Amino acid sequence: MRKIAISDIHGCFYTFQSLLDRLSLTTADELMLLGDFVDRGAHTKLVFDFIFQLIEQGYQLSYLRGNHEQMLLDALPPADAKAAQRFSVNGGLETMTSFGVQMAADIPAPYLDFISRLPFYFINDPYICVHGGLDFRNTLDPLHRQQNMLWLRDWYATIDYTWLGDRYIVHGHTPIPRYTLEDQWNDFETLRVVNIDNGCVFDHPEMGSLCAVDLTQRKLYFEPRHRLDKSGMNP
């Protein structure tokens, strides 16, 4: 059994599928998905359909809410025009297009229900999984600060290692170059935190791949963005 984490799929269904094929995922493995399934990439609906299929087939999945899922939820009625616009311009237009709708509220109910039930964090010992980060400032328990778990950046200097103990933090949210991700991973036992967002949707040097971390066998995998995710077209 392996514990495998992936974050920030952002509608890149074909890349996600290729990465799982490369991992030879089995029903004995635990797949941990750390949010931002939606937006920017063209195939959000296919990403969710694939996740639902994996669940039906007996794969062990855990999943989180990302800030992009939160923006989608915030755009639902009775949202004001500002919230709807914020969702749309941050990749929501691509999400709605993937469902063939023009408003977030018209996304079919099973998908909205799934998104609304996504938790802000989960613990799979010894790993604390969160989308953005944990805010340790002026608190005895950073797990109570839900919005910060979605949005936080540049928070490593605040980590309370006494609170963390022998656990590790795995997260995404902030796209980082491959060499930075690999440096963090090589120092994982000391830092006890790793960011696995390699900016799959971005055309940027040292980005543009979907990263998976095998926490059991201590391996990193990088899957370059699939050509069909770049084109936004089905085969």
Side-chain angles (χ1 to χ4, degrees), residues 5-20 31-55 61-77 79 82-122 129-132 146-147 149-153 171-175 195-202 207-212 223 225-226 228-234:
I6 299 172
S7 190
D8 295 87
I9 298 167
H10 278 301
C12 292
F13 161 70
Y14 294 99
T15 311
F16 180 40
Q17 186 181 52
S18 296
L19 180 55
L20 293 193
L31 180 61
M32 301 180 285
L33 303 175
L34 308 188
D36 278 7
F37 307 99
V38 307
D39 297 353
R40 295 192 171 134
H43 302 299
T44 288
K45 181 180 184 298
L46 292 180
V47 169
F48 282 123
D49 289 342
F50 188 42
I51 289 171
F52 297 161
Q53 178 183 329
L54 291 173
I55 295 170
L61 270 65
S62 302
Y63 17 74
L64 288 175
R65 178 181 310 207
N67 61 302
H68 282 261
E69 282 80 40
Q70 188 63 54
M71 283 192 285
L72 189 161
L73 294 172
D74 291 343
L76 298 175
K82 184 177 179 180
Q85 178 70 4
R86 185 186 191 196
F87 168 61
S88 181
V89 301
N90 282 285
L93 180 60
E94 289 84 352
T95 293
M96 291 184 288
T97 299
S98 78
F99 284 99
V101 302
Q102 295 184 330
M103 298 177 61
D106 292 328
I107 294 172
Y111 300 91
L112 294 179
D113 290 345
F114 179 82
I115 293 168
S116 70
R117 289 184 277 107
L118 290 171
F120 290 87
Y121 75 94
F122 61 79
C129 296
V130 63
H131 178 67
Q146 293 182 332
Q147 289 301 313
M149 294 179 195
L150 302 177
W151 294 97
L152 199 63
R153 304 188 196 273
H171 73 98
H173 178 52
T174 301
N195 175 4
I196 58 171
D197 181 5
N198 189 225
C200 182
V201 291
F202 297 118
M207 292 189 190
S209 291
L210 189 61
C211 177
E223 185 68 28
R225 188 167 76 252
H226 195 284
L228 293 175
D229 289 324
K230 289 183 180 180
S231 68
M233 296 177 63
N234 289 314

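Values below: every heavy atom of this structure, side chains too, minus hydrogens, waters and symmetry copies. Quick note: residue numbers are just sequence positions, from 1. Nothing here was measured: the structure is a model prediction, and the numbers come from that model.
- Only one option out of L19, L34, D197 pairs with I6 in a side chain to side chain contact (heavy atoms under 4.5 Å, CB included); it is L19.
- Taking both residues in full, the closest heavy atoms of L118 and E69 are given as CD1-CG, 3.9 Å, listed atom of the first, atom of the second, then distance.
- Between L72 atom CG and L112 atom CG the span is 6.5 Å, to the nearest 0.5 Å.
- Residues S116 and L73 have side chains in contact (heavy-atom distance under 4.5 Å, counting atoms from C-beta outward).
- Side chain of D36 to main chain of H10: no donor-acceptor pair is present (N/O by atom type, distance under 3.5 Å, no hydrogens or angles).
- A pairwise comparison of heavy atoms in C200 and R225 identifies O-NH1, 2.7 Å as the closest pair.
- Checked against the 6.0 Å centroid criterion, the rings of Y63 and F37 do not qualify as a close aromatic pair.
- Looking only at side-chain heavy atoms (C-beta outward), F48 and I107 stay at 4.5 Å or farther from each other.
- The minimum heavy-atom distance linking A104 with M96 is given by the pair N-SD, 3.4 Å.
- Heavy atoms only, all atoms of each residue included: R40 and V201 are closest at CD-CG2, 3.9 Å.
- In this structure, the separation between CZ on F99 and NZ on K45 is 6.5 Å, given to the nearest 0.5 Å.
- Looking at heavy atoms from C-beta onward, L152 lies out of side-chain contact with V130 at the 4.5 angstrom threshold.
- The aromatic rings of Y14 and H43 lie perpendicular to each other, with more than 60° between the two planes, well past the 30° mark.
- Contact check for D49 versus Y111: side-chain heavy atoms found under the 4.5 Å cut-off.
- Nearest approach of H173 to N67, heavy atoms of both residues: ND1-OD1, 3.2 Å.
- Rounding to the nearest 0.5 Å gives a distance of 7.5 Å between CD of Q146 and CZ of R65.
- Side-chain N/O atoms of Q70 and D74 include a donor and acceptor closer than 3.5 Å.
- Closest of all the heavy-atom pairs between P175 and R153 is CD-NH1, 4.3 Å.
- Summarising the geometry, atom CD1 belonging to I51 is positioned 5.5 Å from atom CZ belonging to F114; distances are rounded to the nearest 0.5 Å.
- Residues H131 and S7 are in side-chain contact: their nearest non-hydrogen atoms beyond the backbone lie under 4.5 Å apart.
- A distance of 5.0 Å separates CD1 in I9 from CG in L33, rounded to the nearest 0.5 Å.
- Once rounded to the nearest 0.5 Å, the distance linking CG of N90 with CG of L93 reads 11.5 Å.
- In this structure, the side chains of F16 and L46 stay at 4.5 Å or more apart for every pair of heavy atoms.
- Summarising the local packing, CD of Q147 is surrounded by more than 12 heavy atoms from other residues, nucleotides or ligands at distances under 6.0 Å.
- Side-chain contact between L228 and F13 is absent, with no heavy atoms from C-beta onward closer than 4.5 Å.
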